[in-house]
Amino acid sequence: MAFATAATVLHADLDAFYASVEQLLDPALRRRPIAVGGGVVLAASYEARSYGVAAGMPAWRARQLCPGLAFVAGHFGDYQRLGDEVMDILGSFTPFVERVSIDEAFLDVAGALRLFGPPATIAVAIRRRVRAEVGLPLSIGVARTKHLAKVASQVAKPDGVVVVAPEAEHEFLAGLPVGLIWGVGPVMQARLAAAGIRTIGELAAAPGAALDQLLGRALGGKVAALAANVDPRQIGPARPASSMGAQAALGRRRATPELVRSTLGYLCDRVAGRLRAAQRAGRTVTVRVRFPGMRSVTRSASVAMPVCATLTLTEIATGLAAAALADHRGEHELTLLAVSVSHLVVPTMQLELPLERRPSGRPQGPGSRSTDAARWGLDRSVDAVRARFGPASVGYAAVVFSEDPRVPEAFRELAQRHPS
DNA sequence: TCTGGGGTCCTAGGACCC
DNA sequence: TCTGGGGTCCTAGGACCC
């Protein structure tokens, strides 16, 4: 049998991760419907899910569905620690582990069969160890490709294993809902349902041209390939990020210049600091403004010199936000502001010029080479002080926003390491 | 009572160049 | 007289993922 035709790909996915950790840490929460979060549900236990409670749901709606729901503030440091412990266990079976998020990873065990037995045996052993050593439920899908393994782990939940033998793939997929395909969400699902397509089998039988019509050319082709069981993705290290951003939900606040200025100051400080820490700068800055009712607009601008200085980024972002608001004068309230930097490059030597050697004389506008270089020097000093004495030890003007955070800083730290 | 934070990818129209 | 096709970049919006 050829190497590529064996079912040696595992997808390991911790069940209701945040909620399971809370139930592990506090026995009083076990077997009860709980939600992690505050204004919004970040994660729901399976007991809560049986009432219809789901991640991303506003808290009031979750309480409506499940009156006995217990809300728990997250223990974000523990999520990181326990997630790492599980990844260490996975890594003890094979070095070919691709971590996808804090609670999920692909493994290729093709080279581990001699040592640990067939893939299904390895999956059972992994689950047993994670349960015994960490105390968390883990589901695993085993198949020939990443996509199939991922679908299998979803089918295996909660707390199970599903193995898809190569000769049984077609039969396995045929009856499953199209929503299990990676990239098919609620909108696509509804669009397909309107065309009478609900299962992956029906999708596979549909003509390619019809799929392109329904889903667009790129997704149509991708979905057809997946439904037909072609998946070229290999297990390997994640690519470096192509953008970096930060956002802040504001509740429902009057769109005052002071609110916009202070919030953007906070967000740009975060983003620019992360860019510098990663030794990156970006050519395109995007600002998103969200109004009540989840209506949002974006404004973006590309600049010649890649940006990573806090003040330069703040000036550009402020201008973009002002343009967006000027185009929507009827809006008097905001619910969110976001800043993102993309088209990332490694900063050039120009930016590393020491402060005292910068060209002087003519006044310099934002984005000009030497202004950004000078500011970068200042930023590096700030970064160094913060590295020693903490993020709050030094900074720019007082940040009003940070006095009333909607989410704990620890959650931002976690989300920035692992989107979840 | 109206919803977190951090990302990727795709589409479509327009500007601009050769 | 005022026409063609291809490529690239930019911007805005949106679906989707964890």
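Below, chain A is the first sequence line, B the second, and so on; all start at residue 1.
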Hey, does the side chain of A:S101 come within less than 4.0 Å of C:dC17's phosphate (OP1/OP2), counting only N and O?
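False: A:S101 side-chain N/O out of range (4.0 Å or more) of C:dC17 OP1/OP2.
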Any side-chain N or O of A:R283 less than 4.0 Å from the OP1 or OP2 oxygen of C:dC10?
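Answer yes for this pair, as a side-chain N or O of A:R283 is under 4.0 Å from OP1 or OP2.
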I'd like to know if [X] and [Y] make a salt bridge, using a cut-off of under 4.0 Å between side-chain N and carboxylate O.
X      : Y      : answer
A:R233 : A:E98  : no
A:R99  : A:D84  : yes
A:E258 : A:R253 : no

Can you tell me the distance, in whole Å, between the [atom1] atom of [X] and the [atom2] atom of [N]?
X      : N      : atom1 : atom2 : value
A:I181 : C:dC16 : CD1   : C1'   : 14 Å
A:R253 : B:dC2  : CZ    : P     : 15 Å
A:L337 : B:dG5  : CG    : C1'   : 14 Å
A:L250 : B:dG5  : CG    : P     : 9 Å
A:H11  : C:dC17 : NE2   : C1'   : 11 Å
A:W182 : C:dC16 : CH2   : P     : 11 Å
A:L42  : C:dC17 : CG    : C1'   : 16 Å
A:F71  : B:dT1  : CZ    : P     : 17 Å

Using the closest heavy atom to pick a nucleotide of DNA chain B for each, name whichever of A:M244 or A:V40 lands nearer the 5' end.
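Nearest-nucleotide comparison on DNA chain B picks A:V40.
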Taking the nucleotide of DNA chain B with the nearest heavy atom to each, does A:A246 or A:G216 sit closer to the 5' end?
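It is A:A246 whose nearest nucleotide is closer to the 5' end.
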Acceptor/donor pairs from residues 28-45 of chain A side chains to any protein atom, 3.5 angstrom cut, sequence neighbours excluded:
| from | atom 1 | to | atom 2 | distance (Å) |
| --- | --- | --- | --- | --- |
| A:R30 | NE | A:Q23 | O | 2.7 |
| A:R30 | NH2 | A:L24 | O | 2.8 |
| A:S45 | OG | A:R32 | O | 3.2 |
| A:S45 | OG | A:I34 | N | 3.0 |
| A:S45 | OG | A:E47 | OE1 | 3.0 |
| A:S45 | OG | A:A48 | N | 3.3 |

Could you list by number each residue of residues 287-298 of chain A showing a heavy-atom separation from DNA chain B of less than 4.0 Å, or answer none if no residue does?
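By residue number: A:R290, A:M294.
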Mind running a 4.0 Å heavy-atom check of residues 60-68 of chain A against DNA chain B and sending the residues that fall below it, in number order?
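Within this stretch, A:W60, A:Q64 sit under 4.0 Å of the strand.
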Contact class for [X] vs. all strands (heavy atom < 4.0 Å): base, sugar-phosphate, or nothing?
X      : value
A:A55  : nothing
A:S340 : nothing
A:G185 : sugar-phosphate
A:A338 : nothing

Side-chain donor-acceptor contact under 3.5 Å, [X] with [Y]:
X      : Y      : value
A:D13  : A:S139 : no
A:R290 : A:Q247 : no
A:T310 : A:R276 : yes
A:R283 : A:S302 : no

C1' spacing across the pair B:dC17 / C:dG4, given as an integer number of angstrom
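14 Å, rounded to whole Å.
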Which nucleotide wins on minimum distance to the side chain of [X], given the candidates [options]?
X      : options               : result
A:H343 : B:dG6, C:dC10, B:dC9  : C:dC10
A:V187 : B:dG6, B:dG4, C:dA15  : C:dA15
A:R412 : C:dC16, B:dC2, B:dG5  : B:dG5
A:S302 : C:dC16, C:dC10, B:dG4 : C:dC10
A:A218 : B:dC10, C:dC18, B:dC9 : B:dC10
A:E104 : C:dA12, B:dG5, C:dC18 : C:dC18
A:M188 : B:dG4, C:dA15, B:dT3  : C:dA15
A:A301 : B:dT8, C:dT11, B:dG6  : C:dT11
A:S243 : B:dT8, B:dG4, B:dT3   : B:dT8

Between A:L320 and A:V184, who's closer to the 5' end of DNA chain C by nearest nucleotide?
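Its nearest nucleotide lies further toward 5', so the answer is A:L320.
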Closest contact, heavy atoms only, A:V341 versus A:L344
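That would be O-CD2, 3.6 Å.
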Just to be sure I follow the notation: if a pair is Watson-Crick (purine N1 to pyrimidine N3 plus N6-O4 or O6-N4) or a G-U wobble (N1-O2 and O6-N3), each under 3.5 Å, what dot-bracket string does DNA chain B give, with | for pairs to another strand?
....||||||||||||||
Could you go step by step and tell me if A:D269 and A:R386 meet the salt bridge (charged side-chain N to carboxylate O under 4.0 Å, His left out) rule?
CA-CA 12 Å; A:D269 188 26; A:R386 282 178 173 168; 2.9 Å; yes
Test item: A:L10 and A:F93 side chains (from C-beta on) under 4.5 Å apart, heavy atoms:
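Heavy-atom side-chain distance check fails, nothing below 4.5 Å.
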Using the test ring-ring contact (aromatic ring centres under 6.0 Å, His included), find all partners of A:Y51 that sit at least two apart in sequence or belong to another chain.
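Residues passing ring-ring contact (aromatic ring centres under 6.0 Å, His included) with A:Y51: none at all.
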Listed once per pair and sorted, the salt bridge (charged side-chain N to carboxylate O under 4.0 Å, His left out) pairs that draw on residues 67-80 of chain A, sequence neighbours left out
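Sorted result for residues 67-80 of chain A: A:D78-A:R81.
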For a side chain to side chain contact (heavy atoms under 4.5 Å, CB included) with A:L180, tell me which candidate from A:V184, A:V178, A:L176 qualifies.
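Option passing the side chain to side chain contact (heavy atoms under 4.5 Å, CB included) with A:L180: A:L176.
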